[in-house]
A.B. asks: 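This is the structure I have questions about; it appears just below.
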There are 2 protein chains.
Amino acid sequence: MQKKAIVNKLRSSGLRPTKQRVLIARNLFERDKTFHFTVETLNKEINKKGSDKVSLATVYNTVEAFTKAGHIKQILTSKSKSYFDTNIKSHHHFYDEDSKELTDINYNQVKLSKVPHPPKGKKIKNLEVVIRLQK
Amino acid sequence: MQKKAIVNKLRSSGLRPTKQRVLIARNLFERDKTFHFTVETLNKEINKKGSDKVSLATVYNTVEAFTKAGHIKQILTSKSKSYFDTNIKSHHHFYDEDSKELTDINYNQVKLSKVPHPPKGKKIKNLEVVIRLQK
DNA sequence: TTTATAGTTTAGAATTATTATAAACTAGAT
DNA sequence: ATCTAGTTTATAATAATTCTAAACTATAAA
Ligand SMILES: [Mn+2]
Ligand SMILES: [Mn+2]
Ligand SMILES: [Zn+2]
Ligand SMILES: [Zn+2]
């Protein structure tokens, strides 16, 4: 994804392409592979080396804005820190209880042959599987 | 579950049946139905009305001890607060994005016809499905 | 182009959830 | 009854996140 595309992505979701947002978006989306992150890891990544500094408040604001816009998504965990994913396609996760690491499971690696009906008046938005691993 | 059984449950997991632990355990397990809670809701429930007071620190300690002992389990959410479940059987959840409520899905309401192999040297400890609902 | 303004960034304070500390207390063994 | 490791508690500390309000800026309008 090139800078032009990044700017369009931001504009298309009603977000002004500010210096900070473009910097963060390039860091998140100009990669070969999707990945998982926390605000803490993203903030470190963004603010390392000689690059222009972005405040922690802005990292929080931007992550929230990108989540609301659907550019990233929040991941289910049982931890006190929020995890996010640049892979917004429907997919599943392994959670390694020993290393505490989350890794993607390809969507077609899991098949469901029976899914419950949603309660009246509600629709299924998505379905996520988490497989916990142990030694 | 009667008081005697509660005391045994605590003893069997190496926990002394103190006044506070028994009070909390009775509140959690002497019910017809399992339920979901946070430390905050449990603390309110335990410390309301004329009952003996239990400190918040003890509620945290006890929830941690009960989780380690396998009497309750922590639930996957994408929130900053930890949720717990008195239903320790393998089961799944609906998560209502509008009301932000978690409800149980019976285990046999979900069937998986394909599950990925765990990475080398790891075993599958359990598998949880979360179905997000929207209006 | 300037100008106006709504949107954005920021440092720092505030809040919230959780964990740590260390002194007082107690269950249960002897 | 005495002893002691385990437990409880008030309170402090830490960690994650949200709030605040002043300074700044992207961009639309003049
Ligand atoms: Mn915390
Ligand atoms: Mn928080
Ligand atoms: Zn993922
Ligand atoms: Zn449940």
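The structure presented is a predicted model; accordingly, all values stated were derived computationally and were not measured. To find a chain, count down the sequence lines: A is the first, B the second, and so on, and within it residues start at 1. All values below were derived from every heavy atom in this structure, side-chain atoms included, with hydrogens, water molecules and symmetry-related copies excluded.
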A.B. asks: Could you please spell out the steps behind the side-chain contact (heavy atoms from CB on, under 4.5 Å) verdict for B:Ile105 and B:Val129?
C.D. replies: CA-CA 9 Å; B:Ile105 298 173; B:Val129 175; 5.7 Å; no
A.B. asks: Atom CZ of A:Arg21 to atom C1' of D:dC24: distance rounded to whole Å?
C.D. replies: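 Value for this atom pair: 14 Å.
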A.B. asks: Which is more 5' along DNA chain C, the nucleotide nearest A:Val59 or the one nearest B:Tyr83? Just name the residue.
C.D. replies: A:Val59
A.B. asks: Under 4.0 Å: is that the gap between some side-chain N or O of B:Ser80 and OP1 or OP2 of D:dA16?
C.D. replies: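 Answer is no, no contact under 4.0 Å.
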A.B. asks: Between A:His93 and A:Asp104, is there a side-chain donor-acceptor contact under 3.5 Å, judged purely by atom types and distance?
C.D. replies: yes
A.B. asks: Can you tell me the distance, in whole Å, between the CG atom of B:Leu23 and the P atom of D:dT9?
C.D. replies: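 After rounding, the reported distance stands at 10 Å.
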A.B. asks: Return the 5'-most residue of the pair A:Gly14, B:Pro17 with respect to DNA chain C, ranking by each residue's nearest nucleotide.
C.D. replies: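 Nearest nucleotide further toward 5': that of A:Gly14.
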A.B. asks: Measure CG/B:Asn47 against C1'/D:dT8 and give the value in whole Å, please.
C.D. replies: 13 Å
A.B. asks: Atom NZ in A:Lys73, atom OG in B:Ser78: separation rounded to 0.5 Å?
C.D. replies: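 Here the interatomic distance stands at 11.0 Å.
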A.B. asks: Hey, are the side chains of A:Asn43 and A:Tyr60 touching, using non-hydrogen atoms and a 4.5 Å cut-off?
C.D. replies: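 Answer no - side chains too far apart.
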A.B. asks: Work out which heavy atom in B:Phe84 is nearest to a heavy atom in B:Thr67; give both atom names and the distance.
C.D. replies: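 Shortest heavy-atom separation between B:Phe84 and B:Thr67 comes out as CE2-OG1, 3.6 Å.
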A.B. asks: What are the atom names and distances for every N/O pair under 3.5 Å that joins the protein to nucleotides 1-4 of chain D?
C.D. replies:
none

A.B. asks: Should B:Lys3 and B:Glu30 count as an ion pair when the cut-off is N to O under 4.0 Å?
C.D. replies: no
A.B. asks: Atom pairs under 3.5 Å, N or O on each side, protein against nucleotides 28-30 of chain D: can you list them with distances?
C.D. replies:
none

A.B. asks: Let me know the distance between CG of A:Leu56 and P of D:dC19, rounded to the nearest Å.
C.D. replies: 15 Å
A.B. asks: Please state how far atom CG in B:Leu10 lies from atom C1' in D:dT7, giving the value in whole angstrom units.
C.D. replies: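 These atoms are roughly 13 Å apart.
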A.B. asks: With B:Leu76 as reference, evaluate A:Lys79, A:Arg132, A:Glu128 under the side-chain contact (heavy atoms from CB on, under 4.5 Å) test and give the passing residue.
C.D. replies: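 The side-chain contact (heavy atoms from CB on, under 4.5 Å) with B:Leu76 is passed solely by A:Arg132 among A:Lys79, A:Arg132, A:Glu128.
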A.B. asks: Rounded to whole Å, how long is the line connecting atom CG of B:Leu15 with atom P of C:dG28?
C.D. replies: 11 Å
A.B. asks: Kindly say if A:Ser82 contacts the phosphate of D:dA16, meaning a side-chain N or O under 4.0 Å from OP1 or OP2.
C.D. replies: no
A.B. asks: Does D:dT25 have its OP1 or OP2 closer than 4.0 Å to a side-chain nitrogen or oxygen of A:Gln20?
C.D. replies: no
A.B. asks: Taking side chain as C-beta onward, heavy atoms only, is A:Lys135 less than 4.5 Å from B:Lys123?
C.D. replies: no
A.B. asks: Is the shortest side-chain N/O distance from B:Arg11 to OP1 or OP2 of C:dA27 below 4.0 Å?
C.D. replies: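 So the side chain of B:Arg11 is outside the cut-off, no N or O lying under 4.0 Å from OP1 or OP2 of C:dA27.
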A.B. asks: Whole-Å distance between D:dT8 C1' and B:Tyr60 OH?
C.D. replies: 16 Å
A.B. asks: What is the separation between atom CG on B:Asn61 and atom P on C:dT21, rounded to the nearest whole Å?
C.D. replies: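 Checked: the CG to P distance equals 13 Å.
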A.B. asks: Compare side-chain N and O positions of B:Thr18 against OP1 and OP2 of D:dT8 and report whether any pair is under 4.0 Å apart.
C.D. replies: yes
A.B. asks: What about the rings of A:Tyr107 and A:His92, do their centers lie closer together than 6.0 Å?
C.D. replies: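 Ring-ring flag for A:Tyr107/A:His92: true, centres closer than 6.0 Å.
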A.B. asks: Could you check whether atom NZ of B:Lys4 has more than 12 heavy atoms from other residues, nucleotides or ligands sitting under 6.0 Å from it?
C.D. replies: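 Atom NZ in B:Lys4 is not crowded, with 12 or fewer foreign heavy atoms closer than 6.0 Å.
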A.B. asks: Quick one: label B:Lys53 by what it contacts on the DNA or RNA (base, sugar-phosphate, nothing), any heavy atom closer than 4.0 Å.
C.D. replies: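 It contacts sugar-phosphate atoms only.
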